Amino acid sequence: MKEKAPGAWLTLQTSYYPAPVGSPLDLLSDSYMLLECAQGIVHLMRNALQLSPCVDARSLTLALKGVETLMEMSAGSTEAAHVRFEQIGDGWVTSH
């Protein structure tokens with residue numbers, strides 16, 4: 001993966017940013033769902049490799065790249081959630 005642009009959720013050929021709407025809890029929920037998807041792919045790959053160790057190398061590479069992308073998206077979603085939690089906290093502190 002390319003180095004993420006400042007504030008980006010994910011950078012592939014272009015950069016992706018979390019929508020300005022959405023609560024930090026929604027971002028964390030999305031992060032958890034993305035990790036579950038990555039975990040599902042890994043478990044499926046493990047089972048397939050146990051049944052047949054002869055797997056197309058290109059397909060395996062693409063599947064692992066998909067897992068990496070899902071995990072990077074999850075991390076970006078979690079980072080965005082933390083930023084939004086801090087913004088909420090800063091707003092609460094300055095208003096009291």
Side-chain angles (χ1 to χ4, degrees):
M1 299 241 164
K2 292 183 179 182
E3 186 174 326
K4 285 195 304 184
W9 190 46
L10 175 71
T11 298
L12 300 170
Q13 296 304 312
T14 189
S15 293
Y16 298 90
Y17 298 85
V21 296
S23 75
L25 293 177
D26 288 339
L27 287 165
L28 289 176
S29 179
D30 287 351
S31 175
Y32 181 74
M33 187 259 326
L34 290 164
L35 282 178
E36 280 186 317
C37 291
Q39 183 181 30
I41 293 170
V42 169
H43 286 277
L44 183 64
M45 288 171 36
R46 181 194 67 208
N47 292 339
L49 287 170
Q50 287 174 343
L51 293 173
S52 174
C54 301
V55 175
D56 177 50
R58 176 162 165 62
S59 295
L60 181 59
T61 300
L62 289 172
L64 289 172
K65 182 67 174 172
V67 169
E68 177 189 25
T69 302
L70 288 169
M71 292 175 70
E72 184 70 24
M73 290 170 67
S74 176
S77 186
T78 300
E79 289 172 18
H82 285 286
V83 167
R84 290 188 187 176
F85 276 127
E86 288 175 3
Q87 291 169 343
I88 291 169
D90 290 343
W92 185 82
V93 170
T94 57
S95 66
H96 287 80

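The shown structure was predicted, so the numbers you read here are calculated from the model rather than taken from an experiment. For this chain, numbers begin at 1 and follow the sequence in order.
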Within a reach of under 6.0 Å around CZ of R58, are more than 12 heavy atoms found that belong to other residues, nucleotides or ligands? no
Taking everything shown except Y17 itself, do over 12 heavy atoms lie less than 6.0 Å from its OH? yes
Please find the pair of heavy atoms, one from [X] and one from [Y], that lie closest to each other, and give the distance.
X: G22; Y: R84; result: O-NH1, 2.8 Å
X: W9; Y: P18; result: CB-CD, 3.7 Å
X: A38; Y: M71; result: CB-CG, 4.0 Å
X: A5; Y: T11; result: N-OG1, 3.2 Å
X: S77; Y: L27; result: OG-O, 2.6 Å

Do [X] and [Y] sit in one hydrophobic cluster, given that two such residues count as connected whenever their side-chain heavy atoms are within less than 4.5 Å of each other, even indirectly?
X: V67; Y: M33; value: yes
X: L34; Y: V42; value: yes
X: L64; Y: L70; value: yes

Residues forming a side-chain hydrogen bond (donor to acceptor under 3.5 Å, both in side chains) with [X], sequence neighbours excluded:
X: S31; answer: S74, T78
X: S23; answer: D26
X: N47; answer: none

Hey, could you give me the CD/CD1 distance between E68 and I41, rounded to the nearest 0.5 Å? 12.0 Å
Rounded to the nearest 0.5 Å, what's the gap from CD on E86 to NE2 on H82? Could you check? 8.5 Å
E79 vs V83 side-chain heavy atoms within contact, under 4.5 Å: no
